Asks: 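My structure is below; once you've seen it, I'll send some questions.
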Amino acid sequence: MEMVVVAPPASGKLEDLKRRFFATPRQAVISLLSLSVIVFLVWKLLNWAVFSAVFDASGGPDACHAASGACWSVIAARWRIIFFGLYPYEEQWRSALACVTVVAMTVLSCIPAFWTGRRIALVWGVGAAVFYVLMKGGLLGLGFVGEEMWGGLALTLFIFVTTCLVGFPLAICLALLRRSELPWISRTTGLIIDGVRSLPLISILFTFAIVLPFALPQWLQGDKLYRVILGSALFFSAYQAEIVRGGMQGVPRGQEEAAMALGLSYWHRISRILLPQAMRNALPATINQFVISFKETSLVIIVGFFEILASGNAAYGTGEWRFAYVEVYAFIAMIYFVFVFSLSRYGAFLERRMSVGER
Amino acid sequence: MFKLLRNQKVRNALLQALYVGALGALVIAGTLIARQNLAAQGITSGFDFLFKSTGWDLGFSLLPASANDPYWWYFIIGILNTLFLGSFGLALATLVGMIVGLAQTSANDLAKLLGRTYVDVFRNIPLILQVFFWYALITHLPPPRSAHEGWGMLLTSRGLYLPAPNVGGLALLAASLAVVAAIVLPIWLGRTSLLSRPLGQRFSVQLAAVAAALVCAVLFLFAGRLPDSPLLDLPSLQGLNLRGGLRIPPEFSALVVAIAIYGGSYIGEIVRGGFKAVGKGQVEAASSLGLTPWQVFTLVRLPLALRAMLPILANQYVWLMKATTMGIAVGFTDFFMITALTINHSGQTLEAIGILMAGFLAINLSLAALFNRINKAIALKGNQLRG
Amino acid sequence: MTVPTTQEIAVRVEGMSKYYGTFHALRDINLTVARGEKIVVCGPSGSGKSTMIRCINRLEEHNAGSIMVLGTELNDDVGNIDEIRREVGMVFQHFNLFPHMTVLENCVLAPMLVRKMPRAEAEATARRYLEKVRIPEQASKYPGQLSGGQQQRVAIARSLCMQPQIMLFDEPTSALDPEMISEVLDVMVTLASEGMTMICVTHEMGFARRVADRVIFMDAGEIVEEAPPEIFFTSAKSERTQLFLSQVLGH
């Protein structure tokens, strides 16, 4: 349809501003109120974080006491413990490299060219292996560092990656079992999924870390770290399974019928027809779930792991830096923010792109 | 034999039996091993321990509790604490979320920016980090000696001290019920068909109801006044300690603030989504009927948006309720922390975990049931609806 | 009409019934289709015609009676079901092409996975059949980029790539815009002229007249009338058939 374009009345910048923010008295009040809040917050924040802040670590805590702003020197003095925890000092480059591996893995997974089951599995499998070898060593001339020495950001990322690596295939299995035509299988699986979903993650982590050893024979107990990862993977998979199932429900029934009529076996129908389409439908919700799961890895602090939050507590908790807790938490929050915000922005971008594609 | 295995029905039956059997065997084996292991430590299984006294003290409790009380009493206190924290957190989070959501849907770009920034910042920082932050902030407040003072309140590293009414427990309960009635009554009066007045013209009736309820509340408070004491018990510094008033411990305030802020960012997004789901046509139709912007908002946009957001909101509430378990991070004795302490002290691992699961299942199911009822009650009638 | 011998029988349905819960969807269906025969099934909606042909490749399970396809009994035996599905092709009302694969991939998937055909051979076969349905140039496109008529022709080619002995058509033209119906029917006519055994559920009476050896009319889950088209269209015995025909042909 042809539209007749009416030129807006000749307007300068001022007119434009007036129209946007001062159209009615009520609008004007809201605008002024919002503006003053924004100006106040931005000024306070900048003043605290930049103008009056101490960046140089050489002055020590005393320089901070004198200043009115943020004491970033605590980060300069303690960043190693926040990032690497108790990892041996001269080996910390390995921990750093391992973190870079995870970031690279995540970036690769965001590229559509890697969105086939095999490639994504390859990226994550290889990435996790590289991470593990780098961290643990005992191979290729790298010194051995046991899991009990891991900490900080590296431990957080390790728990996150292994949770996804174990949880994702498990989620697909659970989703398939739940939509099974066999009533006993689907009902039992439904019970498991709903049961896990109704429990708080902390209680599951606690169960796996502290209660499970009672219920397992000695040879099956394994390290506490891996039990906790298993628990967090179970929790992740219960939520992710429902997302995958939702994606499967979005695939028309005719798709599977056509595959059946062509004589495809169950596994071929699932792997070639159902899953590729279901995963595509479920992609935005899946990314959202990854984001939530990344934030939730911080809960392992409660069962006694030295992940990034715990190492942050340690960074300010001892003696001289006791007052600088705001800066440490702000720094850790920033690290989380960078990871989580970029991932969720990417998810939102995908969602928009996909909804455009549907039209 | 092979022929039998190729039969679809036989196969299906076999698969189901295998699956359920394997899971069942796993659970039974685990339970048996656990019993054996616990028995080796001299712990007998069963729920008898619930009636033994605990021997340890609670940090926070709404009801009187001492180390002599039995475990079952502690569990009840734990559930109450969880619900107490949860309802405060949820109410505040809803309030914050409403404001943030409205800011986000506002026509004003500056307000929108504020709302958007709030959501982006607080949603992307883990809740437990926020809990730690607020807890650290409160415990780093000045000690009672040099407390911040204002409006009869004291702000110290030991917690927030509020003026407390010197009123008997029963009267207090009655007064709070009257306040609740003051909120619920006008809503009910606005919707019921018992009144003959048309729906839009009940303002005076509603006003009268609110006034009556509030007067009742005040009367209850005066009637229940403890003899020989001022109406308000103000907290004050005596020596190195604080006396009087109502103390809100740092653990509780840190958790409530964190849940309100974090939950508020999620609820803000839900509110925004709800308003986005209201069709433009409906709003245009309402405006073209000559309704004022305020009427369009309260009579058309809000009711429709509420219906759209309620199911998602229910999920969020359940999530936030579960998030109260972070209490253990700062030492708030919620249901989960009581369970963990029980396991530590009594060793009744399986039983305690069982109680925890049953408790959360009950909380979640009743929340879900409540929201289902609300949802059904307010759902748009008929199936000829178009978006 | 001579009684065909066992080898000449493609499909034999005897006393078949099907229930959905308590709803009796198919009642005592008896039908014998010889090799090379073309059957058109018609009837009002909900009469069970789709359900019947979906039973022949076990997309639906029948509850009573027996179905023999190409000498193999269709029962709970998984091996038999696989065998029959390999030899019976099906074309759906809504095409059901796999949207995440190109046209060529749609066509080579089943031959490679089920018949274990090498890729080169499968692609050659696929191109041959795409040529036959007159869209060889669309091989590298995705189904979503094709028109409805083109998609349905791809669906036919995809089925043919498995080199089935029997083809089932479940209302292949019902979801198409009118101007695209003939391009699909043309392909089906060609297929018929080459001797394919076909069972078609369709309302295209012109197609039935031209191609069918027998026309079957179903109503309320029963076969009401079964006759060669020249008799079916001129002197149907049952009133229900006559009413249906007057509705379909009336305008």
Side-chain angles (χ1 to χ4, degrees), chain A residues 20-21 23 26-27 30-35 37-38 41 177 180-185 188-189 192 195 197-203 206-207 210-217 291 294-299 301-302 309 312-313 316 322-323 325-326 329-330 332-334 336-337 339-341 344, chain B residues 12-13 15-17 19-20 23-24 29-35 37-38 103 106-114 117 120-121 123-130 132-133 136-137 140 293 318 321-326 328-329 336 339-340 343-344 349-350 352-353 356-357 360-361 363-365:
Chain A
R20 273 182 71 190
F21 299 111
R26 213 177 62 125
Q27 282 293 318
I30 294 177
S31 293
L32 285 177
L33 214 67
S34 307
L35 191 67
V37 170
I38 291 173
L41 283 180
L177 287 168
S180 160
E181 286 164 10
L182 310 178
W184 278 96
I185 291 187
T188 316
T189 314
I192 296 174
R197 280 163 57 98
S198 72
L199 288 174
L201 175 56
I202 294 179
S203 72
F206 184 81
T207 308
I210 289 145
V211 183
L212 204 59
F214 288 108
L216 288 176
V291 165
F294 182 66
K295 281 190 286 179
E296 282 177 341
T297 49
S298 51
L299 292 180
I301 189 179
I302 285 170
L309 195 49
N313 282 343
Y316 81 82
R322 211 166 257 286
F323 62 94
Y325 61 96
V326 178
Y329 284 132
I332 297 172
M334 229 130 71
Y336 267 106
F337 185 84
F339 277 91
V340 173
F341 186 68
S344 60
Chain B
N12 291 350
L15 275 177
Q16 303 195 62
Y19 183 69
V20 178
L23 284 175
T31 317
L32 287 180
I33 294 173
R35 283 187 147 199
N37 281 341
L38 291 169
S106 133
N108 191 302
D109 283 346
L110 287 172
K112 226 184 245 176
L113 178 74
L114 267 180
T117 312
D120 278 343
V121 169
R123 208 165 65 143
N124 291 324
I125 298 170
L127 175 56
I128 190 162
L129 204 166
Q130 301 194 30
F132 274 127
F133 173 78
L137 196 77
H140 279 80
V318 169
M321 210 41 148
K322 289 194 283 179
T324 56
T325 48
M326 291 196 193
I328 199 174
F336 175 67
T339 310
I343 291 175
N344 267 347
T349 314
L350 296 186
I353 287 287
L356 178 77
M357 290 185 177
F360 266 102
L361 217 58
I363 293 177
N364 287 345
L365 288 181

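The shown structure was predicted, so the numbers you read here are calculated from the model rather than taken from an experiment. Chain A is the first sequence line, chain B the second, and so forth, proteins listed ahead of strands; every chain is numbered from 1. Computed over heavy atoms, backbone and side chain alike; hydrogens, waters and symmetry mates excluded.
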Asks: Who are the side-chain hydrogen bond (donor to acceptor under 3.5 Å, both in side chains) partners of A:Ser34, not counting sequence neighbours?
Replies: none
Asks: Which atoms of B:Leu137 are under 4.5 Å from chain A, going by heavy atoms: the side chain, the backbone, both sets, or neither?
Replies: both
Asks: Which atoms of A:Leu216 come close to chain B, meaning under 4.5 Å heavy atom to heavy atom: side chain ones, backbone ones, both, or neither?
Replies: backbone
Asks: If you count heavy-atom pairs under 4.5 Å with chain B, which of A:Leu35, A:Thr188, A:Val211 comes out on top?
Replies: A:Val211
Asks: Can you find a pair of side-chain heavy atoms, one from A:Phe206 and one from B:Ile343, that are under 4.5 Å apart?
Replies: yes
Asks: Does any non-hydrogen side-chain atom of B:Leu127 lie less than 4.5 Å from one of A:Lys295?
Replies: no
Asks: Can you tell me which portion of B:Ala17 sits under 4.5 Å from chain A's heavy atoms? Options are side chain, backbone, both or neither.
Replies: neither
Asks: Which atom pair, heavy atoms only, marks the closest approach of B:Gln16 to A:Leu182?
Replies: CD-CB, 3.5 Å
Asks: State, with a plain yes or no, whether a side-chain heavy atom of B:Met326 is found less than 4.5 Å away from one of A:Leu299.
Replies: yes
Asks: With a 4.5 Å cut-off on side-chain heavy atoms, are B:Val121 and A:Phe341 touching?
Replies: no
Asks: Could you grab the distance from atom CG of B:Asn124 to atom CZ of A:Phe337, nearest 0.5 Å is fine?
Replies: 5.5 Å
Asks: For the residue pair B:Phe360 and A:Leu199, establish whether any side-chain heavy-atom pair is separated by less than 4.5 Å.
Replies: yes
Asks: Sort A:Thr189 into side chain, backbone, both or neither according to what part of it lies under 4.5 angstrom from a heavy atom of chain B.
Replies: both
Asks: Is chain B contacted by the side chain of A:Ser203, its backbone, both, or neither, given a heavy-atom distance below 4.5 Å?
Replies: both
Asks: I need the residue from A:Ile302, A:Val291, A:Leu309 with the largest number of non-hydrogen atom pairs under 4.5 Å to chain B.
Replies: A:Leu309
Asks: Answer with side chain, backbone, both or neither: which region of A:Ile301 has an atom nearer than 4.5 Å to a non-hydrogen atom of chain B?
Replies: side chain
Asks: Please identify each residue that fulfils side chain to side chain contact (heavy atoms under 4.5 Å, CB included) with B:Ala136, with sequence neighbours left out.
Replies: A:Tyr316, A:Tyr325, A:Tyr329, B:His140
Asks: Is chain A contacted by the side chain of B:Ile353, its backbone, both, or neither, given a heavy-atom distance below 4.5 Å?
Replies: side chain
Asks: With only heavy atoms counted, which part of A:Leu177 is less than 4.5 Å from chain B, the side chain, the backbone, both or neither?
Replies: side chain
Asks: So do B:Leu110 and A:Ile30 actually touch side chain to side chain, heavy atoms under 4.5 Å?
Replies: no
Asks: So what's closer than 4.5 Å to chain A heavy atoms on B:Phe133: side chain, backbone, both or neither?
Replies: both
Asks: How many angstroms lie between OG1 in B:Thr349 and CD1 in A:Ile210, if you round to the nearest 0.5 Å?
Replies: 10.0 Å
Asks: Does some side-chain heavy atom of B:Thr117 sit less than 4.5 Å from a side-chain heavy atom of A:Leu41?
Replies: no
Asks: For the interface with chain B, which of A:Ser298, A:Ser344, A:Ser198, A:Ala333 has the highest count of heavy-atom pairs at distances below 4.5 Å?
Replies: A:Ser198
Asks: Between A:Val37 and chain B, with a heavy-atom cut-off of 4.5 Å, which part of the residue counts as in contact: side chain, backbone, both or neither?
Replies: side chain
Asks: Please state whether the side chain, the backbone, both or neither of A:Leu212 comes within less than 4.5 Å of a heavy atom of chain B.
Replies: neither
Asks: With a 4.5 angstrom heavy-atom cut-off, is it the side chain or the backbone of B:Asn364 that approaches chain A, or both, or neither?
Replies: side chain
Asks: Is it the backbone or the side chain of B:Ile328 that comes under 4.5 Å from a heavy atom of chain A, or both, or neither?
Replies: side chain
Asks: Counting only non-hydrogen atoms closer than 4.5 Å, does A:Glu296 touch chain B with its backbone (N, CA, C, O), its side chain (CB onward), both, or neither?
Replies: side chain
Asks: Go through the atoms of A:Pro213 and report whether side chain, backbone, both or neither lie under 4.5 Å from a heavy atom of chain B.
Replies: backbone
